[in-house]
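Following: one structure in structure tokens, then a few remarks.
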Amino acid sequence: MQVTIMARAVLCCVGLTAVGSCGGVIGGGDSFRDQYAVARNALEEGHFARANTSYARLLPQAGPLGGRIRLEYAHSLLRAGDFDAAAKQASTVAAAESGPVRGAARAVEGTAHHEIGLALLAKGDRAGGKARLTAAQAALAEALSDNPEGDPLGSLAGRKASIDARLKRL
């Protein structure tokens with residue numbers, strides 16, 4: 001699975017913003033920061049089950065950082081291979097956010113739909129696979145259109161081109 005440079009860069013910025021914005025307002029300051037550090041470190045070290053559990057615990061106390069925490073959670077689910085849950089979490093973020101956070105959520109959502117679509121096609125489910133690839137195409141097109149500088153190496157554009165080509169053959 002290709003994890004996009006854009007998603008990593010945005011999530012890094014989001015993470016720094018989240019930790020820096022916590023203060024004493026959300027979850028008792030250091031407690032929230034500590035819990036966030038556990039989740040973020042687990043994500044970056046590849047311990048996705050731990051990251052997912054930690055992010056899920058953070059969400060109820062995230063307050064105004066909920067969208068950003070949910071985006072990192074979606075990214076962790078994506079990296080763990082739980083594509084359906086990643087798509088759902090990212091869709092929730094995209095519906096509530098704007099700007100780069102929405103763009104990053106659409107990138108995660110599109111990537112998750114792409115992976116699900118490929119798996120469905122491999123199982124012979126042409127209709128389901130095509131539906132997921134179409135959803136991926138739309139999500140990635142929006143992410144690229146709204147924030148082209150968020151894909152400096154072209155990995156999202158490459159993924160979208162692959163989807164476009166596959167859909168033409170279906």
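Side chains of R40 and Y55 form a contact here, defined as non-hydrogen atoms less than 4.5 Å apart. Within the 4.5 Å cutoff, the side chain of L118 has heavy atoms near those of the R166 side chain. Side-chain atoms of L121 and L133, non-hydrogen and from C-beta on, do get closer than 4.5 Å to each other.
The line from CD of Q89 to CG of L59 is 6.5 Å long, rounded to the nearest 0.5 Å. Of the inter-residue distances, the one linking E149 atom CD with L144 atom CG reads 10.5 Å to the nearest 0.5 angstrom. Here the OG atom belonging to S76 is positioned 11.0 Å from the CD atom belonging to E44, to the nearest 0.5 angstrom. Considering CG of N41 and OH of Y36, their distance stands at 9.0 Å, rounded to 0.5 Å. Rounded to the nearest 0.5 Å, atoms CZ (F32) and CD1 (I69) are 4.5 Å apart. Summarising the geometry, atom CG belonging to L43 is positioned 5.5 Å from atom CZ belonging to R79; distances are rounded to the nearest 0.5 Å.
Heavy-atom minimum distance, A143 versus G103: CB-O, 3.5 Å. Considering all non-hydrogen atoms of both residues, V108 and A90 come closest at CG1-CB, 4.0 Å. The two residues G67 and E97 make their nearest non-hydrogen contact at CA-OE2, 3.5 Å. For the residue pair L156 and A107, the shortest heavy atom distance occurs at CD1-CB, 3.8 Å. V38 approaches S54 most closely through the heavy-atom pair CG1-OG, 3.6 Å. When every heavy atom of A112 is checked against every heavy atom of F83, the shortest pair comes out as CB-O, 3.3 Å.
Hydrophobic clustering of Ile, Leu, Val, Met, Phe, Trp and Tyr side chains at less than 4.5 Å, counting indirect connections, unites L77 with F48. Transitive grouping of hydrophobic side chains (ILVMFWY, heavy atoms separated by less than 4.5 Å) brings L140 and L167 into a common cluster.
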In sequence, state the C-alpha distance, the side-chain angles, and the governing distance for Q35 and S31, and then conclude on side chain to side chain donor-acceptor pair (under 3.5 Å).
CA-CA 6 Å; Q35 291 174 37; S31 175; 3.1 Å; yes

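Judged by distance alone, with hydrogens and angles left aside, the side-chain atoms of T92 form a donor-acceptor pair with the main-chain N or O of K88 at under 3.5 Å. In this structure, the side chain of N147 does not engage the main chain of P100 through any donor-acceptor pair within 3.5 Å.
Within the structure, the side-chain hydrogen bond (donor to acceptor under 3.5 Å, both in side chains) test picks out the following pairs touching residues 129-142 (sequence neighbours left out): D84-R132, R102-E142, R106-E142, H113-R132, Q137-D164.
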